[in-house]
Protein chains: 2
Amino acid sequence: MARTTLTRDEVLAAAASLVKQHGPAALTMRKLAAELGTAVTSIYWHVGNRESLLDALVERTVQEMGAIRPVGRTPVERILSVARTLRRELRERPHLIAMVHERGLTERMFLPAQQALVHEVHAAGLRGARAADAVRAVQFQIVGYLLVERNRERSPVQSPAESELWDPRAAPDDPELARALARPADPERLFLLSVRALVHSLLTGPPPAPR
Amino acid sequence: MARTTLTRDEVLAAAASLVKQHGPAALTMRKLAAELGTAVTSIYWHVGNRESLLDALVERTVQEMGAIRPVGRTPVERILSVARTLRRELRERPHLIAMVHERGLTERMFLPAQQALVHEVHAAGLRGARAADAVRAVQFQIVGYLLVERNRERSPVQSPAESELWDPRAAPDDPELARALARPADPERLFLLSVRALVHSLLTGPPPAPR
DNA sequence: ACCTGAACACCGTTCAAGT
DNA sequence: ACCTGAACACCGTTCAAGT
């Protein structure tokens with residue numbers, strides 16, 4: 001397919017396309033070579049090996065996660081907007097994000113978001129170590145939530161299903177609770193509710209008690 | 001090695017041992033056969049194929065995560081004890097937990113914990129849909145946090161390191177904040193601080209505002 | 001019912017050889 | 001500087017054949 005001489009960028013582009021469509025497991029050196037119309041071994045000249053090819057893809061993804069622009073009137077609202085933006089961007093690149101995660105670069109990918117959080121926590125009046133704790137707590141919560149959510153979506157058919165797990169025996173005196181837990185969660189609503197609750201507590205509450 | 005006839009349980013035990021020591025990628029059918037002193041193909045008779053062998057290991061792990069016994073005087077403290085217990089148990093089985101996660105069974109593994117949380121949220125006076133939201137928010141936060149923490153630990157050498165990312169330019173008027181963010185986080189402290197803040201807000205705060 | 005080796009279709013990677 | 005095919009050491013899985 002490559003009418004001109006093969007290029008590292010061409011290799012990366014083809015690899016990214018394979019990963020976006022079918023996930024990282026579908027990215028084999030041989031399929032990639034077929035896609036590019038070259039010998040398998042040419043790829044090695046340009047990218048070293050499969051591992052560093054994946055590294056390069058991950059690096060690209062990290063770069064693509066651009067700066068974050070918080071919107072809203074209060075710090076809480078602006079932090080919520082950051083959370084919402086992150087959720088959207090991550091959901092658009094599930095396979096690549098998973099690779100970033102596997103490579104342990106999630107933290108670095110979230111640096112722009114972290115800086116935005118610092119700004120908002122500051123605006124809310126927190127300083128020093130307390131502000132750092134708040135930033136990290138929110139960041140961990142957002143990232144963690146999204147990992148769990150992704151996991152739920154990839155879930156095979158659960159057996160037993162959540163609805164079977166929550167028959168009324170589990171909470172005999174609160175059938176509405178059992179019914180609510182038997183229903184599937186609304187992830188976006190739960191996400192915003194959780195972030196709001198945590199942020200509210202961190203920004204306005206008293207300092208947490210020592211353990 | 002198997003002096004007597006090969007058994008499905010023997011296969012599972014040997015496989016679990018390989019995974020615990022070197023992770024799921026090290027579990028190849030050929031190595032497993034060598035470990036058991038049988039032909040590769042014998043294993044197929046007992047467990048079907050590699051995929052269902054992994055499924056069986058995951059199933060075992062889910063069963064092993066026994067019931068949770070909350071301790072403490074207040075609901076908040078008892079929920080914190082659940083969080084601490086989960087953290088410890090997960091950290092003892094990193095590879096197997098990762099496999100559970102990859103298979104989308106994390107939720108099911110956490111059912112005993114979820115039931116404990118229901119009990120505590122109830123004790124704190126929440127009912128119905130509001131209680132269900134609180135349970136799920138806490139559960140998602142705990143699981144999510146542990147996934148992020150695991151990721152951090154597996155992290156290769158970060159480049160640029162967190163400490164380089166946080167030079168004083170990022171927060172010019174708060175050098176203590178920059179210093180705090182440049183230091184590595186204390187995961188257990190941050191974990192308990194986060195859970196405490198979220199739980200406090202969910203159990204005692206006003207209902208969160210609509211979005 | 002249980003086990004076997006041979007064979008198949010896949011991998012990633014190395015290397016000497018080409019231009 | 002860039003590309004090639006052959007070869008190597010691995011995979012998971014199928015299958016006909018043994019007992």
Side-chain angles (χ1 to χ4, degrees), chain A residues 1-60 95-96 98-100 102-104 154 156, chain B residues 1-60 95-96 98-100 102-104 154 156:
Chain A
M1 287 296 169
R3 62 189 72 188
T4 169
T5 179
L6 191 59
T7 259
R8 182 184 156 92
D9 272 352
E10 281 176 356
V11 174
L12 289 183
S17 157
L18 276 178
V19 169
K20 272 190 186 167
Q21 287 174 47
H22 307 109
L27 174 59
T28 75
M29 305 301 269
R30 284 170 158 88
K31 271 187 206 154
L32 186 52
E35 199 80 13
L36 290 164
T38 55
V40 197
T41 44
S42 302
I43 298 173
Y44 282 82
W45 197 92
H46 288 284
V47 298
N49 55 23
R50 185 173 187 272
E51 202 55 21
S52 41
L53 170 58
L54 293 183
D55 283 346
L57 286 186
V58 162
E59 190 56 36
R60 272 201 174 183
H95 291 313
L96 286 167
M99 284 170 52
V100 172
E102 275 162 24
R103 288 181 146 52
R154 272 187 315 173
Chain B
M1 285 296 170
R3 62 190 69 188
T4 168
T5 180
L6 190 59
T7 258
R8 182 185 156 92
D9 272 352
E10 280 176 355
V11 175
L12 289 184
S17 156
L18 276 178
V19 168
K20 273 192 186 166
Q21 287 173 49
H22 307 109
L27 173 60
T28 74
M29 304 302 269
R30 282 169 160 89
K31 273 187 204 153
L32 186 53
E35 198 82 12
L36 290 165
T38 54
V40 198
T41 43
S42 302
I43 299 173
Y44 282 83
W45 197 91
H46 287 284
V47 299
N49 56 23
R50 185 173 187 272
E51 203 54 23
S52 43
L53 170 57
L54 293 183
D55 284 345
L57 287 185
V58 161
E59 190 56 37
R60 271 202 176 180
H95 290 313
L96 285 167
M99 284 170 51
V100 172
E102 274 163 24
R103 287 179 149 52
R154 272 187 314 172

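Source: prediction; values computed, not measured. Proteins come first, then strands; the chains are lettered A, B, ... in the order of their sequence lines, and each starts at number 1.
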Roughly how far apart are B/L57 CG and B/M99 CE, rounded to 0.5 Å?
-> 5.0 Å

Throw together a table of side-chain donor-acceptor distances under 3.5 angstrom for residues 41-48 of chain A, partners on residues two or more places apart or in other chains.
| residue | atom | partner | partner atom | Å |
| --- | --- | --- | --- | --- |
| A/H46 | NE2 | A/L6 | O | 3.4 |

Return the value, rounded to whole Å, for the distance between atom CZ of A/R8 and atom P of D/dA1.
-> 17 Å

Under 4.0 Å between a side-chain N/O of A/T5 and OP1 or OP2 of D/dC3, yes or no?
-> yes

Enter the distance from A/H95:NE2 to A/L18:CG here, rounded to the nearest 0.5 Å.
-> 11.0 Å

Interatomic distance, A/L36 CG vs D/dC2 C1' [rounded to whole Å] = 15 Å

Quick one, which residues of residues 41-52 of chain B touch DNA chain D with a heavy atom under 4.0 Å?
-> B/T41, B/Y44, B/N49, B/R50

So, do B/T7 and B/L12 sit near enough that their side-chain heavy atoms are less than 4.5 Å apart?
-> no

A/L54 side chain near A/L27 side chain, heavy-atom distance below 4.5 Å = yes

What pairs meet the salt bridge (charged side-chain N to carboxylate O under 4.0 Å, His left out) rule with one or both residues in residues 37-56 of chain A, with sequence neighbours excluded?
-> A/E51-A/R103, A/D55-A/R103

Rounded to the nearest 0.5 Å, what's the gap from CZ on A/R60 to CG on A/L96? Could you check?
-> 10.0 Å

Could you tell me the separation between the CE atom of B/M29 and the P atom of D/dC11, rounded to a whole number of Å?
-> 12 Å

Minimal non-hydrogen separation, A/A15 against A/L32, with atom names = N-CD1, 3.7 Å

Protein N or O to nucleotides 8-10 of chain D N or O, pairs below 3.5 Å:
none

Read 5' to 3' with Watson-Crick or G-U pairs under 3.5 Å, [ ] for crossing pairs and | for partners on another strand, DNA chain D gives ||.|||||...|||||.||

Partner set under side-chain hydrogen bond (donor to acceptor under 3.5 Å, both in side chains) for B/S52, not counting sequence neighbours | B/N49

